[in-house]
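Heads up: the structure comes next, in structure tokens.
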Amino acid sequence: MRAEFQSEINKTGSRDNHKGLNGWLAFFLTLSLIVLFVTSVLRMTVLDKKYTEDRVLTDTSVSLVTREMNDAISNIASLNNVPTSVVKDALTDKQVDDIAKASLSNIYTGKEKVINPTEITNQVASNISKRANASNAMASGEVDSLVATFKSNLNEYLTNNIQTPYLSKITSMVNSTKSIVQSFFLYSLIASIIIVLLLVLINRAFFLPLKYVSTSAIWSGILVAIGSAIVVYSGVVEIVSSKASVFTDIVNTYISDTFDTMLVGSLIMVAVGLVFWLIGRNRGK
């Protein structure tokens with residue numbers, strides 16, 4: 001790759017007294033720009049709460065989660081001898097949407113408890129109590145006794161089957177990813193600035209270093225574009241998203257949108273790099 005950088009620069013016919021050193025600096029600048037670009041895209045997409053919320057919390061996904069939660073509530077209710085009629089649709093799409101948004105916010109802010117099992121349990125229990133009392137299917141005292149037992153079991157289910165095994169791990173993973181991405185972003189940004197300054201200082205010029213910098217940007221964009229295209233069009237996304245069960249389409253769209261953003265951005269980088277390369281080439285003659 002470094003040889004390609006050097007051959008491109010040599011074609012311009014500009015005087016270059018530090019070809020070897022410039023070539024190596026351009027090579028390392030390319031690597032640095034790749035890291036800088038990828039981490040920038042991740043910070044604007046996967047690690048951005050609004051971006052994730054817009055793509056994950058769709059009407060379809062909320063309805064799916066509502067159905068899954070209501071099925072779980074019905075199973076718990078049946079184990080506690082609570083009539084099916086009073087627990088049907090115990091949670092509405094609106095309630096689940098509110099819970100999901102609050103949970104997502106807690107994940108991105110790094111809170112240890114993503115959901116509040118007690119709050120959700122009280123909400124469900126209140127809905128069930130109102131239905132049971134309105135139906136006159138059971139005496140008031142019987143309703144209170146069954147709901148109390150049901151609340152305890154539902155709270156335990158939310159904590160042991162959702163909070164601990166899944167949501168806590170997701171929060172930990174997001175926090176770790178944010179920390180790693182932020183570190184690599186800062187390191188690559190600093191490295192890129194230092195390399196550009198070295199190119200300027202070594203050559204004591206502007207347009208010759210501009211050709212090296214733009215060549216690095218072009219190669220960075222090309223390499224990222226190739227990698228993104230492979231992920232998007234090779235079937236990798238479909239394979240990964242197929243493991244998400246009923247949420248396959250949502251996960252597919254989320255991953256595809258992220259890599260599409262990376263692909264488009266990398267092509268823009270190539271285009272901008274070409275423009276500045278031509279400027280540096282023509283002005284540096």
Side-chain angles (χ1 to χ4, degrees), residues 1-48 51 177 180-237 254-285:
M1 187 188 298
R2 192 182 70 82
E4 293 291 337
F5 290 141
Q6 196 59 62
S7 66
E8 287 296 322
I9 298 300
N10 290 340
K11 290 177 183 178
T12 64
S14 300
R15 185 177 179 183
D16 188 348
N17 297 321
H18 305 281
K19 292 179 181 179
L21 181 57
N22 285 337
W24 277 109
L25 288 174
F27 172 73
F28 287 115
L29 179 59
T30 298
L31 299 181
S32 182
L33 288 177
I34 289 174
V35 176
L36 181 62
F37 177 79
V38 171
T39 53
S40 296
V41 172
L42 290 176
R43 291 172 77 237
M44 293 186 295
T45 56
V46 177
L47 298 179
D48 181 72
Y51 176 90
T177 303
I180 293 171
V181 168
Q182 184 65 14
S183 296
F184 274 97
F185 172 79
L186 290 175
Y187 294 150
S188 59
L189 177 62
I190 293 171
S192 299
I193 293 173
I194 291 174
I195 293 173
V196 171
L197 289 176
L198 284 173
L199 284 168
V200 173
L201 291 173
I202 289 171
N203 294 281
R204 298 181 181 277
F206 175 75
F207 290 107
L208 180 61
L210 180 61
K211 286 185 290 186
Y212 279 104
V213 173
S214 57
T215 300
S216 295
I218 292 169
W219 275 104
S220 299
I222 290 173
L223 293 173
V224 173
I226 291 173
S228 301
I230 289 174
V231 173
V232 172
Y233 299 109
S234 66
V236 173
V237 176
Y254 183 68
I255 298 176
S256 295
D257 283 355
T258 302
F259 278 97
D260 282 342
T261 300
M262 201 168 290
L263 177 59
V264 172
S266 62
L267 294 176
I268 292 175
M269 181 188 286
V270 172
V272 173
L274 281 171
V275 171
F276 281 100
W277 182 83
L278 290 172
I279 294 174
R281 178 178 181 274
N282 293 328
R283 293 292 184 89
K285 286 185 176 180

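Residue K211 comes nearest to W277 through the heavy atom pair O-CD1, 3.7 Å, listed as atom of the first residue, atom of the second, then distance. Between V181 and R43, the closest heavy-atom pair is CG1-CG, 3.7 Å. The nearest pair of heavy atoms linking S192 to S32 is OG-OG, 2.7 Å. Nearest heavy atom pair, residue S256 against residue V237, reads OG-CG1, 3.5 Å. Summarising the geometry of S266 relative to G221, their closest heavy-atom pair is CB-O, 3.4 Å, with the distance given to 0.1 Å. Here the shortest heavy-atom pairing between S220 and L33 reads OG-CB, 3.4 Å.
In this structure, F185 places its CZ atom where more than 12 heavy-atom neighbours from other residues, nucleotides or ligands lie under 6.0 Å away.
Every residue two or more places apart in sequence or in another chain that forms a side chain to side chain contact (heavy atoms under 4.5 Å, CB included) with I180 is listed here: F184. Residues meeting the salt bridge (Lys or Arg N to Asp or Glu O under 4.0 Å) test with D257, sequence neighbours left out: R55. Residues satisfying the side-chain hydrogen bond (donor to acceptor under 3.5 Å, both in side chains) criterion with T177, sequence neighbours excluded, are absent altogether.
In this structure, F28 and L198 have side chains that are not in contact, with every pair of non-hydrogen atoms separated by 4.5 Å or more. Contact annotation: the side chain of L25 never approaches that of L29 to less than 4.5 Å [non-hydrogen atoms, C-beta and beyond]. Within the 4.5 Å cutoff, the side chain of L274 has heavy atoms near those of the V270 side chain.
Rounding to the nearest 0.5 Å gives a distance of 11.5 Å between CG of D260 and CD1 of I255. The line from CG of L223 to CD1 of I218 is 12.0 Å long, rounded to the nearest 0.5 Å. The CG atom of L278 sits 10.0 Å away from atom CG of L210, with the distance rounded to the nearest 0.5 Å. Atom CZ of F259 and atom CD1 of I230 lie 11.0 Å apart (nearest 0.5 Å). The CG atom of L31 sits 11.0 Å away from atom OG of S188, with the distance rounded to the nearest 0.5 Å. A distance of 12.0 Å separates CD1 of I195 from CG of N22, quoted to the nearest 0.5 Å.
Side-chain contact of T45 with T258: a donor-acceptor pair under 3.5 Å is absent, judged by distance alone.
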Item to complete: Just do the side-chain contact (heavy atoms from CB on, under 4.5 Å) check on Y51 and Y254 with the steps written out, would you?
Response: CA-CA 9 Å; Y51 176 90; Y254 183 68; 3.8 Å; yes
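When I34, V41, T39 are each tested for a side chain to side chain contact (heavy atoms under 4.5 Å, CB included) with F37, only one passes: V41.
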